[in-house]
> 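One structure follows; several queries about it will come next.
When reading the values below, keep in mind they use all heavy atoms of this one structure, side chains included, and skip hydrogens, waters and symmetry mates. A note on names: the letters A, B, ... follow the listed sequences, proteins ahead of strands, and every chain is numbered from 1. It should be emphasised that the depicted structure is a prediction, and the values quoted were computed from it without experimental measurement.
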Amino acid sequence: MESTKVLDAKGLACPMPIVRTKKAINELESGDVLEVHATDKGAKSDLAAWAKSGGHELLQDTEEGDVLKFWIKKG
Amino acid sequence: MTTPITTSELAKKVVNHEKTVILDVRNTDEFDSWKIEGGNVEVINEPYFNLLDGIDPVAEKLDKDQAVIVVCAKGGSSQMVAELLEEEGGFTNTYNLEGGMKAWSEHLEPVKIGDLKDGGSLYQFVRLGKGCLSYMVESDGEAAIIDTNRMIDIYEAFTKEKGVKIRTLIDTHLHADHISGGRALADKVDGTYYLPPKDATELTYDYKALEEGNDIVVGNTKVKVQPIHSPGHTIGSTSLIIDDEYLLTGDILFVKSIGRPDLAGKAEDWVGDLRNSLYKRYKELSEDLIVLPAHYSFAEELGKGGSVFARLGDLYQRNEGLQVDDEDVFRKMVTENLPPQPNAYQEIRETNTGKITPEDEKQREMEIGPNRCAVHG
């Protein structure tokens, strides 16, 4: 999937994946897609809940080995 | 300064009914499915990611000078939020639960139930984070542990402190909601592991049969552990009468509810057994027996000091699951509209039979969440 920016949050424990994602999203324009890579399993449900509460759209998420990948469209 | 608080310190507050204010910063789905309850606990939820731009969402709900314990999944986000409360909100008394809900799920709080007639005593281990109850009978320097949880170090440390040696490990049934520590602890202390044979058909390791008629003694024949076959939650489910005074009911009868027959996929087959165990088998026993179940579901079941128990005769008066005269109504109640099944219950059963051996971290994850072994009438 096409993304505007890729954020590497691998190896970071909660809350850092979300803190970094939020910061990265703030630097993007509405409609841009942020791709996030994380290894913290908790990131999955937290990113989904965070995106929803912030008006962003979680377009897709995949799991490749230990790495969770997310594509978030800025709202 | 945010102060760390251990699960053990928090558990003491809960069982002693001290006023405890908790701010749970996990996401709301996780909070709704499972949270810290009991005693005099007041808990509010606000996900940590809603507080990154400021603590306004919680500022008005909390008193700045009261003690606030911040809790998250593993302890990282709660540390951040507790610091934010102090730095931005002027809070003066914040605590961070070390290890978060993951550690809370593993804490066992030992509570003494009573002394036994000819010496020895009975303890209940309350797993506040999950509602599991396990037991230790000790007499003459020997101990039996019943429905042992996965965290076997805790039992080992406790028995060491009491100066007793673990000889016997008993599971009242093949568990589906938590991973048994019975076999692992038996291996470690060279003890004997007992399981009802009807629940052991898929077992991949050696065990001794827990059967009616074969009493088990703890310490010099002083304390009698008498198995009573009481199927229904599983086909092998066996209750234990200890010292003619206590009835360990496993997952058949709880204080405010009864067992569910569906976790092995056989609700229709086992509902008759459940009915028979609750409405005939237990009725033949003394009403004065003290019922000690393997679970509790409601925070209000926690009594003084955190213990969970009730007199059998009283439960026949007030437990809704024991008030259903019509068999069809009973059948419907325990086979329809059941609560969701416990997290990973199939994998947990397979772990308990020895078919699979997940790594420690995986085992922890499998057990996360509430136990759901009861039917609420």
> What's the separation between atom CG in B:Asn27 and atom CH2 in A:Trp50, rounded to the nearest 0.5 Å?
14.0 Å

> Is the count of non-hydrogen atoms from other residues, nucleotides or ligands lying under 6.0 Å from A:Arg20 atom CZ greater than 12?
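No.
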
> Could you measure the distance from the NZ atom of A:Lys23 to the CG atom of B:Leu52? Nearest 0.5 Å is fine.
12.5 Å

> Checking heavy atoms, do the side chain of B:Glu30, its backbone, both or neither come under 4.5 Å from chain A?
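For B:Glu30, side-chain heavy atoms alone lie under 4.5 Å from chain A.
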
> May I ask you to decide whether A:Asp46 forms a salt bridge with B:Arg26, counting only side-chain N to carboxylate O separations under 4.0 Å?
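Looking at B:Arg26 together with A:Asp46, the answer is no, because their closest N to O distance does not fall below 4.0 Å.
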
> Would you indicate whether A:Lys41, at its atom NZ, is surrounded by more than 12 heavy atoms from other residues, nucleotides or ligands within a distance under 6.0 Å?
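No, because the 6.0 Å sphere around NZ of A:Lys41 holds 12 heavy atoms or fewer from other groups.
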
> With side-chain contact (heavy atoms from CB on, under 4.5 Å) as the test, would you mind laying out the steps for A:Val19 and B:Phe49 before giving the verdict?
CA-CA 8 Å; A:Val19 172; B:Phe49 44 79; over 6 Å; no

> At a heavy-atom distance under 4.5 Å, which candidate from A:Pro15, A:Ser53, A:Cys14, A:Ala13 has the highest pair count against chain B?
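It is A:Pro15.
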
> Check this for me: A:Lys10, atom NZ, are more than 12 non-hydrogen atoms of other residues, nucleotides or ligands nearer than 6.0 Å?
yes

> Got more than 12 heavy atoms from elsewhere within 6.0 Å of CE, B:Met1?
no

> Given a strict heavy-atom distance threshold of 4.5 Å, which part of A:Asp40 is in contact with chain B: side chain, backbone, both, or neither?
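For A:Asp40, the contact with chain B is made by the side chain alone.
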
> Is it true that, when you exclude B:Asp32 itself, more than 12 heavy atoms of the residues, nucleotides or ligands shown sit nearer than 6.0 Å to its CG?
yes

> I'd like to verify something: which residue of B:Asp29, B:Asp53, B:Val25, B:Val81 has the highest number of heavy-atom pairs under 4.5 Å with chain A?
B:Asp53

> Evaluate whether atom NZ of A:Lys73 has more than 12 neighbouring non-hydrogen atoms of other residues, nucleotides or ligands under 6.0 angstrom away.
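No, because the 6.0 Å sphere around NZ of A:Lys73 holds 12 heavy atoms or fewer from other groups.
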
